[in-house]
Amino acid sequence: MNYDVIIIGGGVIGCSIAHYLSERGASVAVVERHTLGAEASGAAAGLLGVQAEWTMYDSLFQAARKSRSMFPALSVKLRDKTGIDIGYQSSGIYRIACNEETAQQLRESVSWQQNLGEQAVIMTGEQLRDKEPAISPFVHEAVYYPEDGHVIAHELTRAFAYSAAASGATIYEETEVLEIERSGNTITGVVTSRGRISCAQVVVAAGSWSTPFLHMQHVGTYPVKGEVLSVTSYKSILSVPIFEEGFYIVPKRGGRYIIGATVTEGVYDKTVTMGGIQSLMQKAVAILPALQEAKWERAWAGLRPQSKAGAPYMGRHPEIEGLYMCTGHYRNGILLSPLAGRYMADLLEGKSVREEGFVCY
Ligand SMILES: Cc1cc2nc3c(=O)[nH]c(=O)nc-3n(C[C@H](O)[C@H](O)[C@H](O)COP(=O)(O)OP(=O)(O)OC[C@H]3O[C@@H](n4cnc5c(N)ncnc54)[C@H](O)[C@@H]3O)c2cc1C
């Protein structure tokens, strides 16, 4: 077997790169040791929270904004091509403040975002409850970001992969990459648990497990565990996601509500703990008391791939010919996936591209 490009990792990032590259005619294989979206990409809540997340400006904000703007057309394209509905909702997101101090910080973030041309609407608690009557008086103030939204993360991952396959890509599941093979400083292929595959280019998109493949000192990723739960309700409790620092409730189709997420650095085990779930439930019920009547569905944990540099690594290896990396998207990999995929496809095609906020070498 021989491909132009082998992508290590069948998460949202690897599958997005495969989608954009194979649409341009490259011969691509995605090699995933479990199943597509088995790790962070299947665990995510799917928020496209550019303004809700970035209360302080940093260089990744512009990339996040650009990536968010790709979703309306992408959702239509993926549905037409694969039949998979990624559940894109352009509903906006409410970022809430439960005390005056947080409300003040939120108002400050509104002004710089509006100066950059973004929409943001400050709402009193009463104005918020006019729109979402189930929200408790515990919520003091909110900002509505109409351009933010959400998707179903696992479906997005699958849709990227199926689209890539429809354009000729090969998807290997249950196949682990054991080693990247090279001759001197040039990539020649990968050794997998099912044998050797030849290629001229390899992209490391292995999330929290990327470090051994990056072959650079001080460059790597580590896991930040997040626990999440979901409940269902026949009655509608909330129509637009609610976001607060480190906490969210996201209404999904079919009466589901995803409530997340805890933050534990450096842990590779995905155990769901009583303490983690209890803290999420307490918070959720304080904000939306009607959730007490909701039906328990399930709880799970995922590992956000954080980069040692604090921003995603996206680029070429400085010394090894044919080795590329696209990893470390931490808590925004779903949001950043379309831009990351397109950017990497440009790079692999040899185009000279640059995107603010990505760590490149
Ligand atoms: C609880 C939680 C909530 C989140 N919520 C959001 C959100 O609302 N919005 C958002 O934008 N982001 C969110 N994120 C972050 C987002 O999920 C990640 O940034 C994104 O999924 C990272 O994608 P990835 O493809 O890099 O990594 P992963 O999805 O982890 O994929 C990496 C893949 O590589 C495979 N792999 C590893 N080693 C090998 C090997 N040797 N051989 C073959 N395959 C290998 C793994 O099995 C895995 O499937 C959340 C994450 C978590 C955990």
Side-chain angles (χ1 to χ4, degrees), residues 6-18 29-50 52-53 64 67-68 71 93 148-154 156-157 160-161 171-180 190-194 197 202-213 221 223-230 241 243 246-248 250 252 258-264 267-268 270 272 276 280 299-307 312-314 325-341 344:
I6 288 179
I7 298 164
I8 308 176
V12 75
I13 298 296
C15 294
S16 173
I17 299 166
V30 176
V31 185
E32 165 55 50
R33 68 175 170 188
H34 300 309
T35 51
L36 295 174
E39 297 292 350
S41 305
L47 286 170
L48 309 177
V50 178
E53 285 257 0
S67 201
R68 181 185 64 186
F71 276 91
I93 295 180
D148 281 352
H150 60 110
V151 294
I152 300 173
H154 193 259
L156 175 64
T157 308
F160 274 138
I171 312 287
Y172 295 96
E173 291 185 284
E174 308 294 349
T175 308
E176 182 169 5
V177 174
L178 304 173
E179 198 187 318
I180 297 175
V190 296
V191 180
T192 80
S193 51
R194 297 190 188 204
I197 314 177
V202 167
V203 185
V204 180
S208 297
W209 300 267
S210 298
T211 308
F213 297 119
T221 55
V224 180
K225 176 183 167 184
E227 293 172 58
V228 193
L229 67 96
S230 65
F243 187 94
F247 180 79
Y248 45 75
V250 190
K252 296 287 182 186
I258 296 183
I259 299 165
T262 62
V263 176
T264 314
V267 174
Y268 271 102
K270 293 190 285 176
V272 176
L280 295 173
W300 64 94
L303 306 177
R304 307 171 184 93
Q306 173 63 304
S307 82
Y313 300 115
M314 314 231 318
M325 61 195 91
C326 187
T327 188
H329 298 80
Y330 187 39
R331 57 194 316 150
N332 291 297
I334 305 301
L335 164 66
L336 292 169
S337 61
L339 185 70
M344 291 306 293

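Starting from 1, each residue takes its place in the sequence as its number. Every number for a ligand or one of its atoms is a count from 1 in the order of the listing.
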Verdict with reasoning, T175 to E32, per side-chain contact (heavy atoms from CB on, under 4.5 Å): CA-CA 6 Å; T175 308; E32 165 55 50; over 6 Å; no
Distance from atom 8 (O) of ligand 1 to nearest protein heavy atom, with residue and atom: L47 N, 2.8 Å
Backbone N/O of S210 and side chain of T327: donor-acceptor pair under 3.5 Å: no
Hey, is P305 one of the residues with a heavy atom under 4.0 angstrom from ligand 1? yes
Does an N or O anywhere in I8 fall below 3.5 Å from an N or O of ligand 1? no
Protein heavy-atom partner closest to atom 5 (N) of ligand 1 - residue, atom, separation in Å: A45 N, 3.3 Å
Answer with yes or no whether L36 contacts ligand 1, where contact means a heavy atom under 4.0 Å from a ligand atom. no
For F213, the ligand 1 atoms with a heavy-atom partner under 4.0 Å come out as 41 (N)
Atoms of ligand 1 less than 4.0 Å from G302 heavy atoms? 53 (C)
Side chain, backbone, both or neither: which applies to T192 and ligand 1 if a contact is any heavy-atom pair less than 4.0 Å apart? neither
For ligand 1 and R33, I'd like to know whether there is a polar contact (N/O to N/O, distance under 3.5 Å). yes
For Y172, the side-chain hydrogen bond (donor to acceptor under 3.5 Å, both in side chains) test, sequence neighbours excluded, returns Y3
Please verify the inter-ring angle class for Y248 with F243; under 30° counts as parallel, over 60° as perpendicular, anything in between as tilted. parallel
Nearest-0.5 Å distance, CD of residue E174 to CZ of residue R194: 7.0 Å
Would you say ligand 1 has an N or O under 3.5 Å from any N or O of R304? no
With heavy atoms of N332 as the reference, note each atom of ligand 1 found under 4.0 Å away. 10 (C), 11 (O), 12 (N)
Mind checking the CD1-CG spacing from I93 to L47? Nearest 0.5 Å is all I need. 4.5 Å
Starting from atom 34 (O) of ligand 1, find the nearest protein heavy-atom neighbour and note its residue, name and distance. G9 CA, 3.3 Å
Would you say T327 contacts ligand 1, with heavy atoms under 4.0 Å as the rule? no
Going by heavy atoms, is W300 under 4.0 Å from ligand 1? no
Taking only non-hydrogen atoms of V31 and a 4.0 Å limit, the atoms of ligand 1 in range are 43 (C), 44 (N)
N or O pair under 3.5 Å between G333 and ligand 1: yes
How long is the gap from CZ on F160 to CD1 on I13, to the nearest 0.5 Å? 8.5 Å
As an exercise, identify every atom of ligand 1 less than 4.0 angstrom from a heavy atom of V228. 1 (C)
Ligand 1 to E32 polar contact by distance, N or O atoms, under 3.5 Å: yes
From atom 26 (O) of ligand 1, work out which of I13, V12, L156 has a heavy atom at the shortest distance. I13
Closer than 4.0 Å to some heavy atom of W209 - which atoms of ligand 1 meet that? 30 (O), 37 (C), 38 (N)
Starting from atom 29 (O) of ligand 1, what is the nearest protein heavy atom, named by residue and atom, and what distance separates them? S41 OG, 2.5 Å
What part of L303, side chain, backbone, both or neither, has a heavy atom within less than 4.0 angstrom of ligand 1? backbone
In ligand 1, which numbered atoms sit nearer than 4.0 Å to a non-hydrogen atom of T175? 43 (C)
Distance from C15 atom SG to L156 atom CG, nearest 0.5 Å? 9.0 Å
Atoms of ligand 1 less than 4.0 Å from G226 heavy atoms? 1 (C)
Min N/O separation G46 to ligand 1 under 3.5 Å: yes
the protein heavy atom lying closest to atom 27 (O) of ligand 1 turns out to be G207 CA, 3.7 Å
If we only count N/O pairs under 3.5 Å, is G14 in contact with ligand 1? no
Heavy-atom distance to atom 2 (C) of ligand 1: which of P212, G260, A44 wins? A44
Give the minimum heavy-atom separation between V228 and I259, together with the two atoms involved. CG1-O, 3.3 Å
Treating R33 as the side-chain partner and E173 as the backbone partner, does any N or O pair qualify as donor plus acceptor under 3.5 Å? no
Protein residue, atom and distance nearest to atom 3 (C) of ligand 1, heavy-atom basis: Y248 OH, 3.4 Å
Partners passing salt bridge (Lys or Arg N to Asp or Glu O under 4.0 Å) against R331 (at least two apart in sequence or in another chain): E53
Do any nitrogen or oxygen atoms of V177 lie less than 3.5 angstrom from nitrogen or oxygen atoms of ligand 1? yes
So, does S208 sit close enough to ligand 1 that a heavy atom of it is under 4.0 Å from the ligand? no
Would you say Y330 has any N or O atom under 3.5 Å from an N or O of ligand 1, going by distance alone? yes
Among non-hydrogen protein atoms, atom 10 (C) of ligand 1 lies closest to R331 O, 3.2 Å
May I ask you to identify the nearest protein heavy atom to atom 31 (O) of ligand 1, giving residue, atom name and distance to one decimal place in Å? G11 CA, 3.5 Å
